There are 2 protein chains.
Amino acid sequence: MDKDGPRRRNAQATRDDILASARAAFARSGYDGAGLREIAEGAGVTAMMIGRYFGSKENLFAEAVAAAMGETELLGSEILSSPDVAREMAAGLVRITAPDAPILEGFEIALRSAASDTAASLSREHIEVQKLKRLANSLQGDDRETRAAILIALVAGLQTMRQVIGLTPLAKADPEQLTGLMAAVLEPLLVAKSESIPAPSAPS
Amino acid sequence: MDKDGPRRRNAQATRDDILASARAAFARSGYDGAGLREIAEGAGVTAMMIGRYFGSKENLFAEAVAAAMGETELLGSEILSSPDVAREMAAGLVRITAPDAPILEGFEIALRSAASDTAASLSREHIEVQKLKRLANSLQGDDRETRAAILIALVAGLQTMRQVIGLTPLAKADPEQLTGLMAAVLEPLLVAKSESIPAPSAPS
DNA sequence: ACCATTTGTCTACAGGTGTATAGTTATGGA
DNA sequence: TCCATAACTATACACCTGTAGACAAATGGT
């Protein structure tokens with residue numbers, strides 16, 4: 001991750017290194033917590049190169065969020081075509097929110113940057129464009145956008161409590177058990193229904 | 001909120017003012033974002049009084065989290081005795097996570113302080129002791145702790161996306177619609193079942 | 001009415017923040 | 001080979017951070 005040789009003086013590579021280091025740092029410490037000098041050091045350059053290539057910390061953050069958000073698909077087509085969508089997505093969710101999984105970097109950056117209003121606003125924009133719209137388009141039935149938003153809230157909540165806060169029962173839970181429970185939770189959001197909740201008249 | 005008269009030199013009142021100001025500041029800007037001078041100014045004193053009364057910022061945060069966490073009940077007894085627990089809790093959840101609701105201060109502090117490891121660890125402890133245990137005890141059936149933890153993750157996710165990030169479909173959603181959807185999501189976590197998800201053999 | 005104790009403020013330190021200007025060194029075309 | 005240009009570094013600025021020690025003043029018991 002450091003350097004294979006003294007192959008300096010390469011603008012594109014330097015820019016890429018800075019962006020990669022920034023993504024890692026923002027995911028680790030959030031927008032306010034990550035310092036420009038720390039990010040620069042991670043890329044093997046001086047803090048001033050960030051100003052040169054990205055203008056400001058805010059711009060750098062925006063690019064980092066955009067890059068990280070566009071990487072993992074929350075509901076891929078191979079999941080959608082599965083006979084049991086809920087269980088399939090639950091399994092994927094449990095896997096990518098595992099305590100030390102480095103996946104879902106985009107959400108991790110957003111969640112750890114929740115203290116900053118600018119960062120939160122930037123994150124919101126990228127979530128809505130890159131995640132919510134695609135998710136809503138993958139769904140069928142009524143209230144697609146709201147259901148997609150609740151799904152995203154669920155993902156964010158699970159990741160927050162498992163990875164960020166580290167809530168014990170979630171961090172140490174048996175993946176199988178967690179998947180079963182999550183499948184039941186996800187089901188009403190994934191399957192198409194006209195009524196949001198069926199009348200509890202006829203017990204099964 | 002400022003001062004009715006020059007009634008200074010009151011140790012207990014000063015301590016209370018500092019704690020109140022700290023809770024508001026931590027909820028607004030998180031652990032790292034809230035400065036001691038800002039908190040002190042909100043209480044009408046100097047930053048040094050915080051050192052005097054609380055020792056350190058970390059101690060102050062711990063007390064603020066403890067106080068804020070113990071205030072709102074996630075699943076009160078009047079909800080538990082309702083005929084439709086899921087819908088009742090969903091309605092409450094939608095209400096207290098409304099975009100500008102000042103409730104759930106404890107969770108807001110925790111979520112906005114996610115960048116700091118010490119703050120996250122402190123939050124985790126208080127969530128587990130003050131929220132998770134009570135919630136798990138209110139439930140019936142198997143996997144009570146895991147189900148309670150998922151419930152907490154759901155609350156945190158909804159609050160994050162509605163209040164902190166401000167995801168549009170959730171922030172502007174019709175409360176009735178949101179309640180209906182959330183009720184369906186909450187149901188499998190609240191009602192007692194042996195199997196986490198029923199076999200999808202017999203289509204209704 | 002006095003004075004010790006409590007309550008609060010002032011000043012300061014050592015370090016970190018994002019950013020700007022000026023200077024230095026390697027690179028590639030002539 | 002030379003040297004203009006692009007890539008990168010050094011130094012500095014103004015500000016903010018949490019914390020500490022020394023000082024001032026109001027308070028209450030005698």
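Atom set for the values below is all heavy atoms of this structure, side chains included, hydrogens, waters and symmetry mates excluded. Quantities reported herein were computed from a predicted structural model and do not represent experimental measurements. So that the names make sense, note that chain A is the first sequence line, chain B the second, and so on, each numbered from 1.
At whole-Å resolution of the value, CD1 in Ile18(A) and C1' in dT19(C) are 15 Å apart. In this structure, CZ of Arg9(A) is placed 4 Å from C1' of dA7(D), rounded to the nearest angstrom. Residue Leu60(B) contributes atom CG, which lies 14 Å from atom C1' of dT19(D) at whole-angstrom precision. Look at CG on Asn10(B): it is 9 Å from P on dT7(C), rounded to the nearest Å. Rounded to whole Å, atom C1' of dA6(D) lies 14 Å from atom CD of Gln12(A). For the pair Asp32(B) CG and dG18(C) P, the interatomic distance rounds to 13 Å; values are reported in whole Å. For Met48(A) and dT21(C), the CE to C1' distance is 9 Å, given to the nearest whole Å. Asp17(B) places its CG atom 14 Å from the P atom of dT7(C), with the value rounded to the nearest Å.
A donor-acceptor contact shorter than 3.5 Å is absent between the side chain of Ser21(A) and the backbone of Asp17(A). Side-chain atoms of Lys57(B) come within 3.5 Å of backbone atoms of Ala34(B) as a donor-acceptor pair (strictly under, hydrogens ignored). Proximity of a side-chain donor or acceptor of Gln163(A) to a complementary backbone N or O of Ala98(A) within less than 3.5 Å is detected.
Listed by residue number, the members of residues 50-59 of chain B with any heavy atom below 4.0 angstrom from DNA chain D are Ser56(B), Lys57(B).
Here the options are Glu71(A), Glu63(A), Glu108(A), the test is salt bridge (Lys or Arg N to Asp or Glu O under 4.0 Å), and the partner is Arg23(A); only Glu71(A) passes.
As judged by a 4.0 angstrom heavy-atom cut-off over every strand, Ala40(B) is placed among residues making no nucleic acid contact.
Between Thr14(B) and dT7(C), a side-chain N or O to OP1/OP2 separation shorter than 4.0 Å is absent.
Between the side chain of Arg37(B) and the base of dG18(D), at least one donor-acceptor pair of N or O atoms lies under 3.5 Å.
Taking the side chain of Met49(B) as heavy atoms from C-beta on, and the options dT9(D), dT25(C), dT9(C), the nearest nucleotide is dT9(C). Ranking dG18(D), dA7(D), dT19(C) by closeness to the Leu36(A) side chain, first place goes to dT19(C).
Residues Met49(B) and Phe54(B) form no side-chain contact, since every pair of their non-hydrogen atoms from C-beta on lies 4.5 Å or further apart.
A side-chain N or O of Gln177(B) and one of Thr146(A) form a donor-acceptor pair less than 3.5 Å apart.
Phe61(A) and Phe26(A) have perpendicular rings, their planes meeting at more than 60° on a 0 to 90° scale where under 30° would count as parallel.
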